[in-house]
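Lettering follows sequence order; numbering is per chain, from 1. Nothing here was measured: the structure is a model prediction, and the numbers come from that model.
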Amino acid sequence: MDIFVGSLPFKLKEKELKELFEKFGEVTSAKIVKSKSTRQNKGFGFVDMPNEEEVRKAIFELNGFEIMGRNLEVSISEKKDKSKAKTTKAPKLNSQGKLFVKEGYRPFKGNDKRGNR
DNA sequence: GCTGAGCGG
C-alpha cells in the first residue's frame, strides 16, 4: 500500500520517516521526493506498507502528527494512474511490442576514457 | 540558500 506523506519538514529524512511509520507497523520502504537537480526536498514523500490495517492506523495516527513544528499530512497515495486499474498485471512489452532489453545493458554510456590500444 | 502545494522510480 502506498501512502502519501505531505507537510514533511525539509529537515526530515527518509530514515526518520520510515521509523515514524515503523512505530505503527511494518514499513517496507520510505521515500522522499526531491528535485531533479538541486536535490531540494519538495516536502512530501511516500511510505510503503504491506499491512493495510497498519496503514490505516499509521495514517490515522500520523495524519496531523506534529513534528519539528509542522503537522504531517498522511493519506493514500494516488499516483497518476494511466488507466489500468483492473488487475495487478502490467504489460512488459514495449510500445512496439518487441523487447531487446538485455540484462546489464547500459542505456547510455560512452565514457571510454580508457584510450585502449 | 530559499519554500509549503504537491503524488514518486
Side-chain angles (χ1 to χ4, degrees):
Chain A
M1 179 77 66
D2 297 281
I3 311 174
F4 173 77
V5 187
S7 297
L8 293 176
F10 298 103
K11 317 130 230 168
L12 193 80
K13 294 182 285 282
E14 299 180 356
K15 174 180 56 186
E16 302 180 278
L17 181 67
K18 180 194 283 186
E19 291 184 12
L20 284 173
F21 276 81
E22 277 179 345
K23 292 183 310 178
F24 296 97
E26 180 180 327
V27 177
T28 311
S29 176
K31 160 95 126 309
I32 293 183
V33 183
K34 318 181 207 65
S35 290
K36 302 179 179 182
S37 356
T38 65
R39 298 180 54 91
Q40 181 176 92
N41 290 40
K42 283 191 178 174
F44 64 93
F46 296 91
V47 179
D48 182 67
M49 298 180 73
N51 297 333
E52 186 177 333
E53 18 189 334
E54 293 182 348
V55 172
R56 302 183 200 156
K57 183 164 48 184
I59 292 176
F60 184 82
E61 294 296 326
L62 292 178
N63 188 9
F65 182 79
E66 183 180 306
I67 178 173
M68 291 185 179
R70 290 297 197 273
N71 293 87
L72 300 182
E73 182 177 309
V74 185
S75 53
I76 303 297
S77 176
E78 295 184 38
K79 192 156 55 163
K80 304 309 177 50
D81 198 283
K82 298 172 169 53
S83 285
K84 292 284 190 58
K86 191 61 65 95
T87 174
T88 60
K89 195 176 293 184
K92 298 183 177 66
L93 300 178
N94 299 11
S95 306
Q96 301 297 332
K98 50 172 70 170
L99 63 109
F100 42 89
V101 180
K102 199 168 296 180
E103 297 179 354
Y105 176 77
R106 294 303 161 91
F108 58 92
K109 208 61 274 163
N111 276 354
D112 283 20
K113 351 183 123 141
R114 195 160 276 196
N116 235 7
R117 126 41 100 42

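Closest to the side chain of A/S75, out of B/dC7, B/dG4, B/dG8, is B/dC7. Checking B/dG8, B/dG4, B/dG6 against every side-chain atom of A/F10, the shortest atom distance belongs to B/dG4.
Among the atoms of the strands shown, base atoms are found under 4.0 Å from some heavy atom of A/L8. Counting any heavy atom pair closer than 4.0 Å across all strands shown, A/E73 reaches a base atom.
Taking atom CE of residue A/M68 and atom P of nucleotide B/dT3, one finds them 16 Å apart after rounding to whole Å. Look at CZ on A/F44: it is 7 Å from C1' on B/dG8, rounded to the nearest Å. To the nearest angstrom, C1' of B/dG1 lies 13 Å from CG of A/N41. Atom CD1 of A/I32 is separated from atom P of B/dG8 by 15 Å (rounded to the nearest Å). Put simply, CG on A/N71 is 16 Å from P on B/dG4, counting in whole angstrom units. Straight-line distance from the NZ atom of A/K34 to the C1' atom of B/dG9: 11 Å, rounded to whole Å. With rounding to whole Å, A/F46 atom CZ is found 6 Å from B/dG8 atom P.
Comparing A/S77 and A/P9 against DNA chain B, the residue whose closest nucleotide sits nearer the 5' end is A/P9. A residue-by-residue look at A/G43 and A/F4 shows that A/G43 has its nearest nucleotide of DNA chain B further toward the 5' end.
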Worksheet item: Would A/K34 and A/E14 satisfy salt bridge (charged side-chain N to carboxylate O under 4.0 Å, His left out), going step by step from the backbone distance to the final call?
Response: CA-CA 11 Å; A/K34 318 181 207 65; A/E14 299 180 356; 3.5 Å; yes

Practice prompt. Assess whether side-chain contact (heavy atoms from CB on, under 4.5 Å) is satisfied between A/L8 and A/N41, documenting all intermediate values.
Written response: CA-CA 9 Å; A/L8 293 176; A/N41 290 40; over 6 Å; no

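To the nearest 0.5 Å, atoms CG (A/D48) and NZ (A/K18) are separated by 10.5 Å. A/I59 CD1 to A/E52 CD: the interatomic distance, rounded to the nearest 0.5 Å, is 9.0 Å.
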